[in-house]
Amino acid sequence: MATEETLVLVKPDGVARSLTGQILARIEAKGYELVDIRKFTPSRELLVEHYAEHDGKPFFEPLVEFMMSGDVVAVRARGNRVIEGFRSLAGATEPTTAAPGTIRGDLGRDWGLKVQQNLVHGSDSTESAERELGLWFG
Ligand code: IDP
Ligand code: MG
């Protein structure tokens, strides 16, 4: 069986709040492998590529600004159905309504800002995962 890979990002709010270890521990405890990990402050160029699908939306510029405001931890995670599995671990986009038990539901805060600072990113399809892993680890 082909083993799948996904891109997980611990966003700057997660790194600044020292939640990286807790977040990665949940991924490992679920049985996924942390194949590669990098910590750096991403460039605008990388983020504009990464979030290309959201270009033109009202939260696009605040999102890019937020993501380049500090270090991000990028993770290549591997496992059976890890793309869907990590999205399930992460929970819904909005921290306020994300289910308890999920990363965003348990740890995410609503800061009342223009962008949802929701701790993590996870690729949403095999195509996105391949594209995003190329951008962040290529
Ligand atoms: P996802 O991260 O759950 O896949 P997307 O819809 O792909 O959510 O949006 C990318 C990121 O943009 C979100 O994680 C969040 O940080 C931010 N975002 C999405 N929708 C909104 C919104 O309506 N207002 C503010 N920020 C948003
Ligand atoms: Mg998304």
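All residue numbers refer to positions in the sequence shown, counting from 1. First listed ligand is number 1; within each ligand, the first listed atom is number 1.
Heavy atoms of H121 found under 4.0 angstrom from ligand 1: none, in either backbone or side chain. Counting heavy atoms closer than 4.0 Å to ligand 1, residue K57 contributes nothing at all. Only the side chain of N118 comes within contact range of ligand 1, with a heavy atom under 4.0 Å; no backbone atom does.
From the protein, the heavy atom lying nearest to atom 22 (C) of ligand 1 is F59 CD2, 3.5 Å. Residue, atom and distance of the protein heavy atom nearest to atom 3 (O) of ligand 1 are T93 OG1, 2.7 Å. Looking at atom 25 (C) of ligand 1, its nearest protein heavy atom turns out to be K114 O, 3.2 Å. The protein non-hydrogen atom at the shortest distance from atom 10 (C) of ligand 1 is H54 NE2, 3.5 Å. For atom 11 (C) of ligand 1, the nearest non-hydrogen atom of the protein is L63 CD2, 4.0 Å.
Between P12 and V72, the closest side-chain pair of non-hydrogen atoms falls below 4.5 Å.
Ring geometry for H54 versus F59: interplanar angle of 30 to 60°, hence tilted.
The closest side-chain donor-acceptor pair between S123 and E132 falls under 3.5 angstrom.
Ligand 1 has at least one atom lying under 4.0 Å from a heavy atom of V115.
For the salt bridge (charged side-chain N to carboxylate O under 4.0 Å, His left out) criterion with R76, the lone passing option out of E4, E130, E5 is E5.
Compare R104, M67, R87, Q116 by their heavy atoms: the one nearest to atom 2 (O) of ligand 1 is in R104.
V73 and M67 sit in two unconnected hydrophobic clusters of ILVMFWY residues. Membership requires side-chain heavy atoms under 4.5 Å apart, directly or through other members.
We find the OG1-CG distance between T96 and D110 to be 3.5 Å, quoted to the nearest 0.5 Å.
Contact detail for R38 and W136: the closest heavy-atom pair is NH1-O, 2.9 Å.
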